[in-house]
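Some notes on the structure that comes next.
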Amino acid sequence: MTLQILESDTFEALNEDALAGYAEKLGEIDDIAGIQPGRTMGQRFALPFYDDVTLLVFTDTQWLPKDVRVCFLENGEQLSRLTGSSPPLHEVNAKAPVVLTEANMLIYLVFFCFFVRGEDGPFFLLESPDSIFLPDLPESPDIFDLSRKPRSWGETEEGHWRASATVFYSNAVFAADFIVQPTGMIEMADDTPLVADLKVKVSAPLVLEGVLQS
């Protein structure tokens, strides 16, 4: 079972009435395009580290880049857009609040590293060679041998969790150690390079850049 929320089957598909409501509420996304009921797909994912916050994901065959996902954290009437920066997530963590436990901490770690990004994209935790987010890697098939489930190593004296994982970031793969605080703050405490200078990287855009011209 994957720890990546976006690859789980625990979602609710939004019907056209629901999509129409979000289309009115959100208007034109990134000043490019809006939600089109009947074409745009919407999914609502439960998040085990919140009591009342869910993840909304919208996709559309006409949006560019072709694999872009427009994502929001929904807390009641409030929608917080996730575009790769950390403040929206930390604000929801403080208000909701986030409730981390030994049972859900690794799921949160995968979620956080996917949605809080560096200049070259997500810090994708390489837990399985079957992930839909992995690019084709014909020149380096052995990279998949490096995939492993993130692992918990107990708590520090301060009551923070320790975890380790294999990270695919930009065109490199490395082993990383993390410190996860109960507030949802995460620190990468150490990293060890495993593979560098790959010709591809994980592409999982969160911002619209255009639409297909009919």
Side-chain angles (χ1 to χ4, degrees), residues 2-47 50 53-92 110-139 167-172 198-214:
T2 180
L3 298 174
Q4 172 57 260
I5 292 288
L6 291 175
E7 296 189 74
S8 73
D9 57 4
T10 58
F11 64 85
E12 170 196 355
L14 301 180
N15 60 32
E16 288 195 16
D17 287 342
L19 288 167
Y22 287 114
E24 182 177 357
K25 187 170 186 177
L26 296 172
E28 199 168 59
I29 299 168
D30 297 326
D31 296 322
I32 292 175
I35 290 172
Q36 297 292 328
R39 190 187 70 204
T40 306
M41 295 183 61
Q43 299 170 319
R44 178 182 286 112
F45 292 84
L47 298 172
Y50 296 119
V53 179
T54 56
L55 174 67
L56 294 175
V57 179
F58 300 100
T59 58
D60 193 301
T61 56
Q62 297 299 300
W63 291 350
L64 297 173
K66 65 178 181 179
D67 53 353
V68 65
R69 290 169 171 80
V70 174
C71 302
F72 297 86
L73 290 177
E74 183 176 42
N75 186 9
E77 293 297 314
Q78 183 175 358
L79 296 177
S80 300
R81 176 86 181 273
L82 299 176
T83 59
S85 65
S86 63
L89 183 53
H90 291 311
E91 288 173 9
V92 172
V110 174
F111 178 88
F112 183 97
C113 289
F114 184 87
F115 281 108
V116 177
R117 304 183 168 194
E119 292 182 0
D120 289 320
F123 295 87
F124 187 77
L125 300 197
L126 187 59
E127 59 171 312
S128 167
D130 300 320
S131 172
I132 61 174
F133 294 107
L134 290 179
D136 292 330
L137 291 165
E139 84 287 0
V167 181
F168 191 163
Y169 175 70
S170 185
N171 64 346
L198 293 167
K199 295 179 182 179
V200 294
K201 61 182 181 179
V202 173
S203 176
L206 299 173
V207 178
L208 288 180
E209 296 178 5
V211 294
L212 289 174
Q213 300 300 318
S214 56

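Below, each value reflects all heavy atoms present in this structure, side chains not excepted, and no hydrogens, waters or symmetry copies.
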> Just one of Leu73, Val110, Leu6 clears the side chain to side chain contact (heavy atoms under 4.5 Å, CB included) bar with Phe115, so which one?
Replying inline: Leu6

> Roughly how far, to the nearest 0.5 Å, is CE of Met41 from OG1 of Thr59?
Replying inline: 5.5 Å

>> With heavy-atom distances below 4.5 Å as the criterion, would you say the side chains of Asp31 and Leu208 are in contact?
In response: no

> How would you list, by chain and number, every residue that makes a salt bridge (Lys or Arg N to Asp or Glu O under 4.0 Å) with Glu77, sequence neighbours excluded?
Replying inline: Lys25

> About how many Å separate OG of Ser170 and CZ of Phe123, when rounded to the nearest 0.5 Å?
Replying inline: 9.5 Å

> Got Thr2 and Asp130 here, is their nearest side-chain heavy-atom distance under 4.5 Å?
Replying inline: no

>> Among residues at least two apart in sequence or on other chains, which ones pass side-chain contact (heavy atoms from CB on, under 4.5 Å) with Asp17?
In response: Asn15

> Hey, what do you get for CZ (Arg39) to CD (Glu16), rounding to the nearest 0.5 Å?
Replying inline: 12.0 Å

>> What verdict does the side-chain contact (heavy atoms from CB on, under 4.5 Å) test give for Val200 and Asn171, after you've listed the backbone C-alpha separation in whole Å, the side-chain angles of each residue and the deciding distance to 0.1 Å?
In response: CA-CA 6 Å; Val200 294; Asn171 64 346; over 6 Å; no

>> List the residues meeting side-chain contact (heavy atoms from CB on, under 4.5 Å) with Thr54, not counting sequence neighbours, and say none if there are none.
In response: Arg44, Glu74

> Among all residues two or more places apart in sequence or in another chain, which pass the ring pair (Phe, Tyr, Trp, His ring centres under 6.0 Å) test with Phe114?
Replying inline: Phe133

> Partners of Pro65 by side-chain contact (heavy atoms from CB on, under 4.5 Å), sequence neighbours excluded?
Replying inline: Asp67, Val68, Pro205, Glu209

> Closest heavy-atom contact between Tyr169 and Gly121?
Replying inline: CE1-O, 3.2 Å

>> Any non-hydrogen side-chain atom of Val53 less than 4.5 Å from a side-chain atom of Val92?
In response: yes

Give the table of side-chain donor-acceptor pairs shorter than 3.5 Å for residues 78-89, with sequence neighbours excluded, one pair per line with atom names and distance.
{"residue": "Arg81", "atom": "NH1", "partner": "Asp30", "partner atom": "OD1", "Å": "3.1"}
{"residue": "Arg81", "atom": "NH2", "partner": "Asp30", "partner atom": "OD2", "Å": "3.0"}
{"residue": "Arg81", "atom": "NH2", "partner": "Leu206", "partner atom": "O", "Å": "3.0"}

> Which residue pairs pass the ring-ring contact (aromatic ring centres under 6.0 Å, His included) test when at least one of the two sits in residues 23-47, sequence neighbours left out?
Replying inline: Phe11-Phe45

> Please walk me through it: do Leu47 and Ile5 pass side-chain contact (heavy atoms from CB on, under 4.5 Å)?
Replying inline: CA-CA 8 Å; Leu47 298 172; Ile5 292 288; 4.1 Å; yes

>> Does any part of the side chain of Gln4, heavy atoms only, come nearer than 4.5 Å to the side chain of Glu127, both counted from C-beta?
In response: yes

> So how far is it from Leu3 CG to Ser128 OG, rounded to the nearest 0.5 Å?
Replying inline: 10.5 Å

>> Test side-chain contact (heavy atoms from CB on, under 4.5 Å) on Cys71 and Leu55; report intermediate values, then the result.
In response: CA-CA 7 Å; Cys71 302; Leu55 174 67; 4.2 Å; yes

> Any side-chain heavy atom of Gln43 sitting closer than 4.5 Å to one from Leu14?
Replying inline: no

> Got a sec, which pairs hit ring-ring contact (aromatic ring centres under 6.0 Å, His included) with one end in residues 56-85, sequence neighbours left out?
Replying inline: Tyr22-Phe58

> Which residues satisfy the side-chain contact (heavy atoms from CB on, under 4.5 Å) test with Ala20, sequence neighbours excluded?
Replying inline: Pro37

>> Please give me the minimum heavy-atom distance between Lys201 and Pro135, naming the atom from each residue.
In response: O-CG, 3.7 Å

>> Applying side-chain hydrogen bond (donor to acceptor under 3.5 Å, both in side chains) to Ser131 and Glu7, what does each step give before you reach the verdict?
In response: CA-CA 8 Å; Ser131 172; Glu7 296 189 74; 2.8 Å; yes

> Taking the side chain as C-beta and beyond, is there a heavy-atom pair between Leu134 and Phe168 under 4.5 Å?
Replying inline: yes

>> Does Leu26 form a side-chain contact (heavy atoms from CB on, under 4.5 Å) with Ile35? I'd like the steps, not just the answer.
In response: CA-CA 8 Å; Leu26 296 172; Ile35 290 172; 3.7 Å; yes

> For Gln36, what residues pass the side chain to side chain donor-acceptor pair (under 3.5 Å) criterion, not counting sequence neighbours?
Replying inline: none

> Among all residues two or more places apart in sequence or in another chain, which pass the side chain to side chain donor-acceptor pair (under 3.5 Å) test with Thr40?
Replying inline: Asp60

